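All of these numbers come straight from a predicted model, not from anything done at the bench.
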Amino acid sequence: DLTRPREYDDVTAQVRDALARTVETAEQAGVEQIIIDPGFGFGKSDAENFRLLNEIDELLTLNCPVLVGVSRKSTIGATLGTPDDPAPVDERLFGSLGATAAAVARGATIVRTHDIAPTVEMLKVLGVTLRQLSRACRLHSRFRSSPRIRPTSSVEVFDLTGLGLGGPHGVLVVPAL
């Protein structure tokens with residue numbers, strides 16, 4: 001069960017080491033394009049989620065694009081409200097955007113979000129503000145070739161709505177900042 005709390009001595013190091021083993025296994029199996037997802041919200045406390053978010057650069061040592069999915073997570077709700085009375089899911093947009101901005105500024109290049117248009121707008125402004133736009137990361141080829149997932153703007157957006165994911169979802173591939 002991925003949602004059960006785990007014991008971490010150093011969440012970033014332990015997640016990085018686990019991902020390193022997975023990347024190695026995938027490479028040995030001949031997988032050429034690998035994206036890593038540190039699993040925000042899965043078996044981690046709010047403090048561990050934010051530590052992992054703040055230390056995304058540690059995951060970049062694996063030389064794989066980092067995907068983040070912090071949109072509407074319970075950690076965002078607990079931060080905007082309290083752990084005992086979190087902000088409702090539909091009131092987590094600004095917290096989600098803030099966490100996403102921090103993740104992208106620290107090196108994440110793929111974002112999973114529920115709120116596609118506001119996230120694209122935030123990423124465009126973030127990119128211009130930081131004035132360091134460079135090459136765009138490319139999403140795994142099986143997503144790029146799917147007829148149900150199509151680019152919809154200059155920041156590469158793949159609208160995953162209707163794929164049985166429980167509501168609107170999008171994956172954004174953002175320029176490296």
For [X], which residues count as a side chain to side chain contact (heavy atoms under 4.5 Å, CB included) partner, sequence neighbours excluded?
| X | result |
| --- | --- |
| N54 | F50, R106 |
| E24 | Q28 |
| L93 | L97, D115, P118 |
| L62 | R16, L19, A20, I36 |

Taking every non-hydrogen atom, the tightest pair across [X] and [Y]:
| X | Y | answer |
| --- | --- | --- |
| I56 | F40 | CD1-CZ, 4.2 Å |
| K73 | G69 | CE-O, 2.8 Å |
| E91 | L80 | O-CD1, 3.7 Å |
| H114 | S71 | ND1-OG, 2.7 Å |
| A102 | L53 | CB-CD2, 3.7 Å |
| L126 | A105 | CD2-N, 4.5 Å |

Do [X] and [Y] come within less than 4.5 Å of each other through their side chains, counting heavy atoms only?
| X | Y | answer |
| --- | --- | --- |
| M122 | V104 | no |
| R21 | D17 | yes |
| S96 | T113 | no |

With a 3.5 Å distance limit and no angle check, can you tell me whether Q14 reaches the backbone of D9 through a side-chain donor-acceptor pair? yes

With side chain to side chain contact (heavy atoms under 4.5 Å, CB included) as the criterion, how do L52 and K44 come out once you've worked through the C-alpha distance, each side chain's angles and the decisive distance to 0.1 Å? CA-CA 10 Å; L52 193 56; K44 297 168 192 74; 3.7 Å; yes

Value rounded to 0.5 Å, distance of [atom1] in [X] from [atom2] in [Y]:
| X | Y | atom1 | atom2 | value |
| --- | --- | --- | --- | --- |
| D37 | L67 | CG | CG | 5.0 Å |
| T100 | I76 | OG1 | CD1 | 7.5 Å |
| E27 | T25 | CD | OG1 | 9.5 Å |

Could you see if Y8 belongs to whatever hydrophobic cluster contains V70? Use Ile, Leu, Val, Met, Phe, Trp, Tyr and a side-chain cutoff under 4.5 Å. yes

Cluster overlap I34 with V68, hydrophobic side-chain contacts below 4.5 Å: yes

Does anything in residues 46-55 form a salt bridge (charged side-chain N to carboxylate O under 4.0 Å, His left out)? List the pairs, not counting sequence neighbours. D10-R51, R51-E55

